[in-house]
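The structure appears below as structure tokens.
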Amino acid sequence: MPEQTPPRLVLIDGSSYLYRAFHALPPLSNAAGEPTGALFGVVNMLRATLKEQPDCAAFVVDAPGKTFRDDLYPQYKANRPPMPEDLRVQVEPMLQVVEALGLPILRIAGVEADDVIGTLALAAARAGSAVTISTSDKDFAQLVRGFDGGGRIELVNTMSGSRLDNDEAVAAKFGVRAAQIVDLLALMGDAIDNVPGVEKCGPKTAAKWLAEYGSLDGVIAAAAGIKGKVGDNLRAALPRLPLNRELVTIKTDVPLDLPADALKLRARDTQTLRNFYTRYGFNQALRELEGNVAPEPAPGGKGALRATAAGYARAATAPQGAPDAALAAPGDYETVLTRAQLQAWVAKLQAADEFAFDTETDALDAMRAGLVGLSLAVESGRACYIPLAHVYPGAPAQLPMQEVLEALRPLLADPGKRKLGQHGKYDLHVLRRHGVDVAGYADDTMLESFVLNATASRHDLDSLAQRYLGYRTLQFTDVAGKGAKQIGFDQVALEDATRYAAEDADITLRLHRLLAPKLAAEPSLQRVYREIEMPLVPVLARIEANGVLIDAAELRRQSADLGQRMLAAQQQATALAGRTFNLDSPKQVCALLYEELQLPARVKTPGGQPSANEEALEAIAELHELPRVILEYRGLAKLRSTYTDKLPEMVNPATGRVHTSYHQAGAATGRLASSDPNLQNIPIRTEDGRRIRRAFVAPPGRRILACDYSQIELRIMAHLSQDPALLRAFASGADIHRATAAEVFGKAIEDVSGNERRAAKAINFGLMYGMSAFGLAKQLGIARGEAQDYIALYFSRYPGVRDFMDATRQQARERGYVETVFGRRLYLDNIHARNQGLRAGAERAAINAPMQGTAADIIKRAMIDIDAWLAGQRGRTGAAPALMVLQVHDELVFEVDDDFVETLRAEASARMAAAASLRVPLVVDSGVGADWDQAH
DNA sequence: ATGGGGTGCAA
DNA sequence: TATTGCACCCCAT
């Protein structure tokens with residue numbers, strides 16, 4: 001017997017979304033000036049919900065008048081301010097659009113919406129339904145559970161995209177099981193509803209108590225023994241906790257007496273929706289509506305497949321009676337299988353100013369992936385997918401790849417034809433490897449989003465669609481499966497592939513149309529995007545494609561050597577411990593050292609457990625020989641597993657080189673990040689570590705050139721702070737740490753001791769990270785008071801630095817962001833957090849970001865400049881005389897012809913130094929050698 | 001299989 | 001109780 005899919009019921013918590021959308025979205029208004037922000041959010045949420053095609057649904061809102069909670073507790077919700085006028089006027093239109101979408105509205109007099117939802121959810125789930133409560137109110141987590149017979153209740157927040165579908169998910173978010181949520185809320189209270197909880201008891205404390213004592217009753221019983229201020233607060237709150245629990249408990253047994261069809265979806269009222277969307281300027285919703293109502297005929301070809309969403313919804317096993325309202329179409333997508341279709345699209349692209357493109361491949365690694373298909377979009381809501389290499393049994397005949405690429409080449413390679421994409425660097429790689437060098441890559445939605453707000457969300461297409469369009473894209477796993485059963489995209493049926501791939505191009509285009517005006521409205525961000533990020537894309541693509549040559553044999557020798565020494569350390573450790581244990585397991589190391597050997601646990605992990613990290617082992621190294629041996633083993637194991645074993649595996653068989661991947665939207669400050677492998681954390685500090693750099697080599701006839709900025713972040717601090725003493729120190733060209741020590745300790749430069757220089761260096765670095773006296777003391781191994789004295793002394797000598805830091809914090813608080821010299825912004829969401837730790841963290845980030853971010857901007861500018869200059873150079877054979885192969889935050893590494901070394905060295909250094917004009921000189925150091933180590 | 005925690009590498 | 005990252009291993013789910 002095939003398993004029956006349970007009927008699906010969606011209950012929408014209307015008020016929670018209305019409030020959330022109102023506060024989360026900018027105060028939008030339509031052409032007539034009517035406020036629309038909340039409506040826009042709710043409409044997008046509803047469209048996404050209906051797209052899921054539930055069997056039944058309801059939009060639940062509070063009815064005017066009193067409810068049982070008001071009787072129980074007269075102050076209930078007394079804190080809630082009256083609904084803002086801008087929001088109030090959106091309520092009636094909201095109900096109208098809900099109505100027009102065919103969603104039943106439930107408003108039950110005398111019963112709160114929460115309790116209506118709770119009662120309906122429980123009843124339906126008991127009867128075997130899969131119930132989704134769509135809400136942005138976390139209190140509903142108390143209802144999440146599964147039932148015998150297949151019924152279940154889950155929570156989704158369609159706006160944030162989060163989902164709580166079982167106890168584990170609830171526990172992950174709240175630290176307690178769903179059944180304990182009411183107890184958690186009773187302890188925490190709810191400021192919005194004017195339900196006071198235990199003072200100073202937030203989610204963490206409440207969860208901790210519940211984990212320890214099981215339930216609210218358990219906490220109440222144990223209250224007498226809980227120490228500290230928060231224990232006093234708990235005891236003071238005891239009398240009201242039972243009432244709290246009652247107030248926060250969502251009722252599941254209110255009499256409702258609904259008609260049989262109360263949850264039944266009706267057909268949507270297209271005319272009303274059209275009027276509504278037009279009036280409020282919801283153009284995307286309008287296009288979707290029109291696209292679905294009157295699909296255009298297919299542009300030709302006998303083999304043409306049509307992939308309208310309506311078609312798919314009907315073809316899929318849609319529940320009987322599912323109304324058209326559930327068929328909200330994402331777009332009109334065409335599978336291109338004939339020459340006529342291809343020609344029609346080429347004509348469309350030729351006529352358009354710009355178009356979005358996306359490639360589909362059979363692998364994630366851009367340097368290995370094979371092209372499987374291409375998608376294109378020129379107008380919102382309409383896109384095509386051109387399958388090229390789908391190979392599953394029964395796959396329709398597809399156009400020959402070369403023919404398609406030749407047809408598109410004039411467009412893709414035309415610098416005057418603007419192309420846009422999402423993370424287009426990947427597609428540039430794939431197309432280049434299939435013979436097409438894309439030019440005119442003008443816009444990238446990932447980078448638009450990143451520059452607009454680096455921390456607001458992730459910058460992948462799904463997150464962007466969700467955040468900016470309120471739209472849930474089809475997931476890769478939806479069409480290709482997941483885990484061991486996942487298939488390659490070349491195995492995906494063309495119908496599914498088209499929905500997925502064409503949607504990507506379509507959504508990319510829609511996102512660009514939304515994001516580009518936002519950028520245009522912020523000239524400084526627009527410049528960062530146009531002058532730094534976009535021009536950097538092809539530069540990074542070239543560096544990645546160049547790759548770096550690795551001496552794999554050398555690394556294998558090192559692995560063997562490390563292995564022998566690891567074995568020796570392991571044997572020594574076994575002897576010292578008197579038994580075998582896993583040296584790689586922190587847990588076993590802790591048990592051995594702190595329990596069996598009774599050594600003192602002086603350092604804690606961030607999780608509060610005894611730590612076995614380097615600092616902890618150093619702290620007890622004088623009490624026992626074992627910690628030192630474990631440290632020795634660790635150092636060796638790290639080098640071997642992460643570097644000497646791994647790097648040879650990463651050599652691309654086609655190129656014989658290692659190709660890292662640089663993430664342009666990786667670090668919030670604007671830095672790049674590197675992965676697969678990460679070539680930005682190759683060891684250098686220890687001799688064993690540095691040996692690894694000897695395996696980064698140049699081929700015969702070439703050398704490695706490494707150019708790095710000297711103290712760039714400190715120079716930026718001098719520039720930003722304009723502190724006279726610091727500016728003077730850099731202008732003099734002296735060793736900056738030595739100069740700082742001389743200034744702080746009141747000595748001549750030549751009289752500074754090694755220890756004084758070390759202290760000054762620690763202060764200089766610490767300052768850039770927003771360090772405290774505590775941190776400096778730990779770093780230098782001195783008393784906290786002494787560290788405080790150093791810092792005070794430093795600030796007295798460099799008052800401009802203190803003023804700059806104060807001003808930076810102040811700006812962060814006032815504007816919510818800080819910026820780099822080039823205008824890149826970093827928003828600091830936690831700068832006003834009530835939690836002191838979070839707020840302090842945001843302040844440190846505020847101090848650090850302008851310096852780290854400006855340094856990132858500068859080296860990016862240098863990379864663009866040097867790349868352009870290199871493009872015009874020719875070596876003796878006519879090939880490029882040098883390749884940029886690595887970027888490590890303040891360093892650029894090149895592979896260069898022997899006879900071009902000095903030319904490049906002079907040119908690259910000069911261009912790096914000229915990448916910004918600061919109040920201090922930018923100094924670039926460089927080195928040359930047969931390998932990366934020698935070049936330092 | 002997947003993810004969190006602990007650890008450690010770089011600038 | 002120092003910024004930004006990525007990746008390894010263990011181990012619980």
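A note on names: the letters A, B, ... follow the listed sequences, proteins ahead of strands, and every chain is numbered from 1.
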Quiz item: Tell me the salt bridge (charged side-chain N to carboxylate O under 4.0 Å, His left out) pairs involving residues 601-620 of chain A, sequence neighbours left out?
Solution: A:Glu618-A:Arg628

Self-check item: Rounded distance (Å) that lies between atom P of C:dT4 and atom CZ of A:Arg844
Solution: 9 Å

Practice problem: Look at A:Glu819 together with A:Arg824 and state whether they make a salt bridge at an N to O cut-off of under 4.0 Å. | Solution: no

Practice problem: Classify the nucleic acid contact of A:Ala840 as base, sugar-phosphate or nothing, counting any heavy atom under 4.0 Å across all strands shown. | Solution: nothing

Exercise. Establish, with yes or no, whether the OP1 or OP2 oxygen of C:dT4 is under 4.0 angstrom from a side-chain nitrogen or oxygen of A:Arg671.
Key: no

Quiz item: Restricting to pairs with a member in residues 821-856 of chain A, which pass ring-ring contact (aromatic ring centres under 6.0 Å, His included), not counting sequence neighbours?
Solution: A:Tyr817-A:Tyr827

Quiz item: Can you check the A:Leu838 CG to C:dA2 P distance for me, whole Å?
Solution: 14 Å

Practice problem: Assign a letter to each nucleotide of nucleotides 6-13 of chain C from its 5' end: B, base within under 4.0 Å of a protein heavy atom; S, sugar-phosphate only; -, no contact. | Solution: SSSSSSS-

Practice problem: Round to the nearest Å and state the distance from A:Met805 atom CE to C:dT3 atom P. | Solution: 13 Å

Practice problem: Provide the full list of side chain to side chain donor-acceptor pair (under 3.5 Å) pairs with a residue in residues 764-782 of chain A, sequence neighbours left out, each pair given once. | Solution: A:His737-A:Asn764, A:Thr740-A:Asn764

Quiz item: When rounded to the nearest Å, what value does the distance between P atoms of C:dT1 and B:dG5 take?
Solution: 16 Å

Quiz item: Does A:Tyr798 have any ring pair (Phe, Tyr, Trp, His ring centres under 6.0 Å) partners at least two apart in sequence or in another chain, and if so, which?
Solution: A:Tyr794

Practice problem: Write down the distance between CZ (A:Arg458) and C1' (C:dG5), rounded to a whole number of angstrom. | Solution: 16 Å

Quiz prompt | Which residues share a ring pair (Phe, Tyr, Trp, His ring centres under 6.0 Å) with A:His459, sequence neighbours left out | solution = A:Phe450

Quiz item: Just the endpoints, please: which first and last nucleotides of DNA chain B, 5' to 3', lie under 4.0 Å from a heavy atom of chain A?
Solution: B:dG6 to B:dA11

Practice problem: Identify the residue among A:Arg691, A:Arg685, A:Arg690 that makes a salt bridge (Lys or Arg N to Asp or Glu O under 4.0 Å) with A:Asp688. | Solution: A:Arg691

Side-chain atoms of residues 581-592 of chain A: list all donor-acceptor pairs with protein atoms under 3.5 Å, sequence neighbours left out, distances to 0.1 Å.
unit_1	atom_1	unit_2	atom_2	d
A:Asn582	OD1	A:Asp584	N	2.8
A:Asp584	OD1	A:Tyr633	OH	3.3
A:Asp584	OD2	A:Tyr633	OH	3.1
A:Ser585	OG	A:Lys587	N	3.4
A:Ser585	OG	A:Gln588	N	3.1
A:Gln588	OE1	A:Asn582	N	2.9

Quiz item: For A:Phe894, which residues count as a ring pair (Phe, Tyr, Trp, His ring centres under 6.0 Å) partner, sequence neighbours excluded?
Solution: none

Exercise. Would you indicate what A:Glu614 reaches in the nucleic acid, counting non-hydrogen atoms under 4.0 angstrom: base, sugar-phosphate, or nothing?
Key: sugar-phosphate

Exercise. Select base, sugar-phosphate, or nothing to describe what A:Arg634 touches, counting heavy atoms under 4.0 Å on all strands.
Key: sugar-phosphate

Quiz prompt | Gap between atoms CG and P, on A:Leu679 and C:dG5 respectively (whole Å) | solution = 18 Å

Self-check item: Residues within residues 850-858 of chain A bordering DNA chain B, heavy-atom distance below 4.0 Å
Solution: none

Practice problem: Please state how far atom CG in A:Leu714 lies from atom C1' in C:dT3, giving the value in whole angstrom units. | Solution: 13 Å

Practice problem: Please name all residues satisfying salt bridge (Lys or Arg N to Asp or Glu O under 4.0 Å) with A:Arg368, sequence neighbours left out, ordered by chain then number. | Solution: A:Asp365

Quiz item: NA contact type, A:Ala849, heavy-atom cut-off 4.0 Å: base, sugar-phosphate, or nothing?
Solution: nothing

Quiz prompt | Carboxylate-amine/guanidinium contact A:Asp806 A:Arg809, below 4.0 Å | solution = yes

Exercise. Take the protein atom CD1 of A:Ile716 and the nucleotide atom C1' of C:dT4, then report the distance between them rounded to whole Å.
Key: 14 Å

Quiz prompt | Value in whole Å for how far the C1' atom of C:dT1 lies from CD of A:Gln836 | solution = 10 Å

Exercise. Please list all pairs passing the salt bridge (charged side-chain N to carboxylate O under 4.0 Å, His left out) test where one or both residues lie in residues 668-683 of chain A, with sequence neighbours left out.
Key: A:Arg671-A:Glu713

